Amino acid sequence: MALANPRGAEILVNSRADIALAAGAHGVHLPGGSIAPSTLRAIAPPGFRIGVSAHSIEELRAAQAEGADFAVFSPIFSSISKPGYGPPLGLDGLREAVRAVRIPVLALGGISQENAAQCMAAGAAGVAGISVFQG
């Protein structure tokens, strides 16, 4: 029996397309360098959402070309969880990223309650994070 979902929330599994498909999730968020979204789409059900992590404009364009539904762009701000992905790209980098592709771009990396609105004002389709959702 399916549970009521009045707000239309969707479940996306991080990194594991196999688990997302087996569990009947709404989609998957893939790390950079993963299987191409176009390849995964061949075995995914209609409407299955595929997001890809990107850390540069080139990676964003590749995600779009490979058929991603959205991209998560990072790091926007300094972040403990994203030290290996280079210096923060900042709001100017986010603005440039949003303009570079047609797919929705979500901001990640150092997102807080204080700066989330700035990301949205810079054109992000949304924000993703860890610390922003912790009490």
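Please read these numbers as outputs of a predicted model, since none were measured by experiment.
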TODO: Answer with yes or no whether the hydrophobic clustering places Leu40 together with Val72; edges join I, L, V, M, F, W, Y residues whose side-chain heavy atoms lie under 4.5 Å apart.
DONE: no
Task: CG on Leu108 to CZ on Phe73, rounded to 0.5 Å - done: 11.0 Å
Task: Validation row: Val28, Arg16 side chains within 4.5 angstrom (heavy atoms) - done: no
Task: Atom of Ile111, atom of Cys119 and distance for their closest heavy-atom approach - done: CD1-SG, 3.6 Å
Task: Same apolar cluster (I L V M F W Y, side chains within < 4.5 Å links), Val105/Ile57 - done: yes
Task: Interatomic distance, Ser74 atom OG to Leu89 atom CG [nearest 0.5 angstrom] - done: 7.5 Å
- [ ] Quick one: closest heavy-atom pair of Ala68 and Val52, and the distance?
- [x] CB-CG2, 3.8 Å
Task: Separation of Phe48 CZ from Leu21 CG (nearest 0.5 Å) - done: 4.0 Å
TODO: Calculate, to the nearest 0.5 Å, the distance between atoms CG and OG belonging to Leu30 and Ser53 respectively.
DONE: 8.0 Å
Open item on the list: Other residues, nucleotides and ligands only: do more than 12 of their heavy atoms fall within 6.0 Å of CZ on Arg49?
Closed with: no
Open item on the list: Is there a path of hydrophobic side-chain contacts, each under 4.5 Å between heavy atoms of I/L/V/M/F/W/Y residues, joining Phe70 to Val13?
Closed with: no
Open item on the list: For Arg102, is there any backbone N or O sitting under 3.5 Å from a side-chain donor or acceptor partner on Gln64?
Closed with: yes
TODO: May I ask whether Leu91 and Leu60 are part of the same hydrophobic cluster, defined by side-chain heavy atoms of I, L, V, M, F, W, Y residues being less than 4.5 angstrom apart, directly or through others?
DONE: yes
Task: Closest non-hydrogen atom pair, Gly27 against Ala20 - done: O-CB, 3.5 Å
- [ ] Would you give the length of the straight line joining atom CG of Asp69 to atom CZ of Arg41, rounded to the nearest 0.5 angstrom?
- [x] 4.5 Å
Open item on the list: Looking at every non-hydrogen atom in both residues, tell me the closest pair between Glu59 and His55 and how far apart they are.
Closed with: OE1-N, 2.7 Å
TODO: Spell out, as yes or no, whether a donor-acceptor pair under 3.5 Å connects the side chain of His26 to the backbone of Leu12.
DONE: no
Task: CG on Asp92 to CD on Glu96, rounded to 0.5 Å - done: 9.0 Å
Task: Nearest non-hydrogen partners of Gly67 and Pro37, listed with the distance - done: C-CB, 3.7 Å
Task: Closest non-hydrogen atom pair between Val127 and Ala116, with its separation - done: CG1-O, 4.1 Å
Open item on the list: Check for me, please, whether Ile50 and Ile35 land in the same ILVMFWY cluster - side-chain distances under 4.5 Å, paths through other members count.
Closed with: yes
